[in-house]
Amino acid sequence: MAAVIECGADTDTTPENHMSLKKTLSSASPLTLRIVAECSVTKARACDLVLPHCTVSTPVFMPVGTQGTLKGITVDQLEGLGCQICLGNTYHLGMRPGPDLIEKANGLHGFMNWRRNLLTDSGGFQMVSLVELSEVTEEGVKFKSPYDGKEILLSPEKSISIQNSLGSDIMMQLDDVVSSTVTGPRVEEAMHRSIRWLDRCIAANKNPDKQNLFAIIQGGLNADLRKTCLDEMTKRDVPGFAIGGLSGGEEKDDFWRMVTLSTDHLPREKPRYLMGVGYAVDLVVCVALGCDMFDCVFPTRTARFGSALVPWGSLQVKHKQYAKDLQPIDPDCKCPTCKRHSRAYLHALFKSDTAAMHHITIHNIAYQLTLMRSVRQSIVEGRFPEFIRTFMKRMFPSRDQYPSWAVDALASVNVTLE
Amino acid sequence: MKLELSRVIQGRSRLGVLKGLGRTGQDSMEVPGCLLYTHFGTVPHLTQDTLHSLSNLPPVTQVTLSNIAEHQEVLEEFKDGFRKFAGLHDTLLYCSLHDPAAPCPTGYTTNKTVSVWGSGGRIELTVAKFMALQKTVQPDWYQSMADGETWQNNTSRKRVRKSVDRTLTHLDECLVVHQNSQELDGVEVFGVVEGGDILEERVRSARETAKRPVAGFCLDGLQTGSMDQTLRTQLIAAVTKELPEDKPRLLQGVGTA
């Protein structure tokens, strides 16, 4: 089993840093961002994000455990992989088992037995993903529960109340989310409403000294709307900002432009969380564009379909070509799955037991976390542009297969891919 | 393997240690004891790491040909046995014919073959194929090929008799191949006692199987829920009377107290 990776292991222990750390911990803020290194070429940063349960090294990928668990793996396994923060979902947990029970269980941390950090989404995205079951008004979002047909109103106040009961280290505001493929006045309406809902969320937060409320920048793919939202939301004193409303089905060319516009106008000394991004290429590019935190169900969901993530793309373990392949998924990977099992065994196991999915889940999370660790290290060592080039070469068979949006996005931050 | 009994109560309940297990002959297991049920070497839903966070695991892992048969080609190419293929460390391996936790469809055995059900459907096994599979698995011991399709109530006497005869024939044929196979050096065989719910056939099967050079005995068709409790106890008592004291008796498919 891989050695447990220390949460917030910090090599810099000069008396000066020790003093400033002591100072920040004694202040009332439950979040402190220490910028450890900044890339001199791109907009990338490597930071230490000090949160109530432990320090998180950024850039960070946060695995998603929607219903209080990452499907198929235990918290010990997650901790063993070095995960310092993961996600739970307010809508799903609010429906079942409900905030009262979780509060009795000592919050979501106690309920899950997870001693590191948790971030909870507000339930906003479910307005898009479960749109058939929802209706939006100024008051909030009306949902018809898929579990028992009951109707609930998820207002900013209700969302924050549930998140207060869950006790997450980072809470997301309830935002009015529209699909990124929607155009027209609805986008503007949603952006303005998100600002109003942000204020309601801030007012409703019972635990500002223990839980960090992040704002979510909306505005769709419209630069003016985004800019307005940025101008307004950055006036509020929140500990961090998320870039929302992207990573739906929009064109990647529009996507990266909105990301970079947002990071241009977000404060340097607060963390930037790009929601719903998890493909390896997207992660690397968006770090270059100045994002610090990411989440996505992709790595864990695709694992359950037998798709293993590797530095050169992905490997469909259930495919016949791996039936006799005795290598591990990635010979260079140090995760528990690759240390013990071959592609051939996993291929066969898919026909007999669900544990095959769990093995791939563990590997995929290890892949994502290792990727981010390498990205961070390269920023700290001042060689991030080089890292990007090596990464792209490994991922794509030839230069003309590089996605053009990625080439453009990287060029915009001074990285040319030859 | 050798069973060393330390206590026997009322001539029936036995406490002891099964020694000389494994290819090295160094391992042992306390009896009464149970085997570790797996799907293809994996305890259902658990990765090896999660499994090993538990203590006091059974020293013997059970696998079944139902899961393994469809992967014969891969295992043959692999050559180094199932244990290594599955990444199992530090465990003994027992290979059964069928999955003791899943009921088996009936009506498919013939004089020369038995069937197992894999993910792709039915696979027919002759003694030759059965033994070829054992050679690829390389367990520490295995259950001999048997006709166990008499577990349903009211199977005819004629059918039960046939299953006892066939099972003995299969055992003799398996033993011949076994003794001539280098790959199975150090591997042991358990004979299978059949007989449905008919006392005379159970006794006959036990007596005849005990004459063969087997390391122990599987009592087949007596899994939980297969028949009336009293009858089952009667049959088991009658069978064990015929079996040598120093050889273990394996009862498959028993899950509740």
Side-chain angles (χ1 to χ4, degrees), chain A residues 1-4 69-82 113 303-304 306 308 317-329 333-366, chain B residues 36-55 61-91 93 95-96 98-102 116-123 133 136-137:
Chain A
M1 175 123 182
V4 171
T69 175
L70 261 83
K71 291 183 177 68
I73 73 176
T74 65
V75 292
D76 287 335
Q77 288 172 306
L78 192 57
E79 200 179 291
L81 290 171
N113 198 21
R304 298 196 289 277
V317 174
K318 289 164 83 167
H319 203 271
K320 242 168 58 164
Q321 70 183 103
Y322 298 110
K324 296 186 186 166
D325 191 334
L326 298 172
Q327 295 177 88
I329 291 170
C333 179
K334 306 207 181 358
C335 83
T337 302
C338 290
K339 283 195 353 193
R340 195 191 272 265
H341 294 300
S342 63
R343 298 167 186 182
Y345 179 69
L346 295 169
H347 173 92
L349 190 61
F350 263 101
K351 303 198 203 255
S352 298
D353 196 84
T354 63
M357 295 193 272
H358 311 332
H359 283 298
I360 312 286
T361 300
I362 290 170
H363 168 81
N364 282 4
I365 294 177
Chain B
L36 187 66
Y37 172 82
T38 69
H39 289 153
F40 203 67
T42 286
V43 172
H45 310 304
L46 302 184
T47 64
Q48 287 292 317
D49 291 325
T50 314
L51 176 68
H52 287 290
S53 65
L54 302 169
S55 50
T61 297
Q62 169 171 4
V63 292
T64 153
L65 289 182
S66 316
N67 291 143
I68 291 177
E70 67 198 89
H71 304 289
Q72 184 174 355
E73 224 187 285
V74 185
L75 288 168
E76 262 164 11
E77 276 196 37
F78 180 71
K79 287 193 191 31
D80 288 335
F82 182 83
R83 201 180 342 230
K84 216 154 163 223
F85 183 71
L88 299 173
H89 308 318
D90 292 330
T91 184
L93 196 64
C95 186
S96 70
H98 290 122
D99 183 335
V116 294
W117 278 261
S119 71
R122 187 169 74 92
I123 299 174
L133 279 166
T136 66
V137 174

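So that the names make sense, note that chain A is the first sequence line, chain B the second, and so on, each numbered from 1.
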Against chain B, work out which of A348(A), A356(A), G72(A) has the most heavy-atom pairs shorter than 4.5 Å and name it. A348(A)
Heavy-atom pairs under 4.5 Å with chain A - which of G120(B), G118(B), A86(B) has more of them than the others? A86(B)
More than 12 foreign heavy atoms under 6.0 Å from NE2 of H319(A): is that the case here? no
Considering only heavy atoms and a distance below 4.5 Å, find which of E77(B), E70(B), H39(B) pairs most often with chain A. H39(B)
Any luck finding a side-chain donor-acceptor pair between H359(A) and T47(B) under 3.5 Å? no
Please report the interatomic distance NZ(K324(A)) to CD(E73(B)), rounded to the nearest 0.5 Å. 3.5 Å
Region of H89(B) that comes under 4.5 Å of a non-hydrogen atom in chain A: both
Residue pair A355(A) / T42(B): nearest heavy atoms and the distance that separates them: CB-CG2, 3.5 Å
Closest non-hydrogen atom pair, T50(B) against T74(A): CG2-CG2, 4.1 Å
Of all the heavy-atom pairs spanning V74(B) and A344(A), show the shortest one and how long it is. CG1-CB, 4.5 Å
Atom pair CD1/CG of I73(A) and D49(B) - distance to nearest 0.5 Å: 11.5 Å
State the NE2-NE2 distance between H347(A) and H71(B), to the nearest 0.5 angstrom. 7.5 Å
To the closest 0.5 Å, what do you measure between NZ (K351(A)) and CG (N67(B))? 12.0 Å
Parallel, tilted or perpendicular for F82(B) and Y345(A), by the 30°/60° rule? perpendicular
Side chain to side chain contact (heavy atoms under 4.5 Å, CB included) assessment of L326(A) paired with F78(B): CA-CA 8 Å; L326(A) 298 172; F78(B) 180 71; 3.6 Å; yes
Above 12 or not: heavy atoms from other molecules or residues under 6.0 Å from CG of N113(A)? no
